[in-house]
Amino acid sequence: MKERRTGIMINEIPFSNFPVLFRQCGLDFYIIDDEHGGFDYREIYGMISAARLAGGIETIVRIPCADRRDIIKFLDMGADGLLLPMTNGAEDIGKVVKYAKYSPLGERGISTMRAHTLYNPPPLAEYMPAANARTKVYAQIETKEGVERIEEILSVEGVEGFLMGPNDLSDSYGCLGDDGAPQILAAIDRTAECARRLGKTSGIITANARYLDRAKEAGMRMFSKGSELSLLASGIRKTVADICK
């Protein structure tokens with residue numbers, strides 16, 4: 001596996017072939033934002049299916065909460081991972097593991113003539129442990145409490161790791177507007193060290209250059225920078241500037 005994995009967020013545009021484009025451009029994963037985004041199930045289904053058929057890129061869905069309904073649906077669509085925002089403790093992320101993993105680790109409902117098996121389900125005794133290994137559960141650390149309880153969060157069996165969200169974390173620490181807040185730099189160091197010690201994956205979702213650099217120095221491995229909207233906006237601005245200069 002690559003030392004560093006790069007990704008992007010899909011905020012609002014449900015173009016089904018985005019995952020194919022992202023893979024061709026060298027990205028390793030992308031995150032569908034179903035926390036803030038206004039996607040319907042069919043739109044998310046299309047993006048996940050394109051990613052599965054193209055191969056070579058990981059689909060992570062940021063779910064709005066740890067409800068069974070969405071967890072079951074997104075995994076049956078074929079999502080590779082789930083990201084729980086505002087994870088504050090083991091009990092929060094434990095609910096995701098419960099519904100995302102098959103027994104004996106969790107209580108995921110069994111329905112295998114679905115997209116997640118590419119409509120060719122193998123015997124359950126083979127498939128269920130393989131699916132548990134494939135399905136990644138990530139905690140999003142974006143509160144002071146989440147940082148303080150990082151060890152218990154990452155110690156939950158079935159949790160792959162975490163991705164930090166510095167925007168909300170800055171609000172939680174009371175340092176909004178500071179692009180190099182010492183509280184955030186310290187949180188990056190603390191959470192990355194804990195993940196390394198426990199053998200878990202650590203990462204960050206940010207376009208802040210200083211936080212990205214600090215995350216690299218701290219040994220984080222997953223980096224999601226920007227979104228389809230930020231790339232579109234920057235491209236439009238550059239086009240305008242090129243024409244008007």
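Quick note: residue numbers are just sequence positions, from 1. Any value given below was found using the heavy atoms of this structure, including those in side chains, with hydrogens, waters and symmetry copies removed. Because the structure is predicted, anything quoted here is derived from the model rather than measured.
Counting all heavy atoms, side chain and backbone alike, I63 lies closest to I71 at CD1-CG1, 4.0 Å. The two atoms that bring K225 and A207 nearest to each other are CG-CA, 4.0 Å, heavy atoms only. Across every non-hydrogen atom of K144 and S172, the tightest pair is N-OG, 2.8 Å. For P19 against I57, the heavy-atom pair with the smallest separation is O-CD1, 3.7 Å. The two atoms that bring I48 and G78 nearest to each other are CG2-C, 3.4 Å, heavy atoms only. I141 and T87 make their closest contact through CD1-O, 4.0 Å (heavy atoms, listed as atom of the first residue, atom of the second, distance).
R214 and D189 are joined by a salt bridge, as a carboxylate oxygen and a charged side-chain nitrogen come within less than 4.0 angstrom of each other. Remark: R68 does not engage E107 in a salt bridge, criterion side-chain N to carboxylate O under 4.0 Å. With respect to K95 and E91, no salt bridge is recorded, no charged nitrogen being found less than 4.0 Å from a carboxylate O. At a threshold of 4.0 Å, the pair E58-R5 counts as salt-bridged, since one of the basic side-chain nitrogens sits closer than that to a carboxylate oxygen.
For the pairing with T143, the side chain to side chain donor-acceptor pair (under 3.5 Å) check across D168, N88, D171 returns one residue only, N88.
Interatomic distance, K101 NZ to L75 CG, rounded to the nearest 0.5 Å: 9.0 Å. Taking CG of L84 as the start and CD of E142 as the end, the distance is 9.0 Å to the nearest 0.5 Å. Note that CD1 of I31 and CE of M9 are 4.5 Å apart. Values are rounded to the nearest 0.5 Å. For the atom pair I236 CD1 and L231 CG, the distance stands at 11.0 Å (nearest 0.5 Å).
For CZ of R134, the number of neighbouring non-hydrogen atoms (other residues, nucleotides, ligands) closer than 6.0 Å is greater than 12. The environment of E12 atom CD is sparse: at most 12 non-hydrogen atoms of other residues, nucleotides or ligands sit within 6.0 angstrom.
Remark: side-chain polar atoms of D67 are not paired, donor with acceptor, to backbone N or O of R69 under 3.5 angstrom. Remark: side-chain polar atoms of E228 are paired, donor with acceptor, to backbone N or O of I13 under 3.5 angstrom.
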>> Walk me through whether R108 and M128 qualify under side chain to side chain contact (heavy atoms under 4.5 Å, CB included).
In response: CA-CA 10 Å; R108 178 178 171 182; M128 290 168 66; over 6 Å; no
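Using a 4.5 Å heavy-atom threshold, the side chains of I110 and T112 count as touching. Looking only at side-chain heavy atoms (C-beta outward), R190 and V147 come within less than 4.5 Å of each other. Considering only heavy atoms from C-beta on, F74 comes within 4.5 Å of D34 through its side chain.
Classification of the F15-F18 ring pair by plane angle, with boundaries at 30° and 60°, yields perpendicular.
Looking at Y41 and D70, their side chains do bring a donor and an acceptor atom within 3.5 Å of each other.
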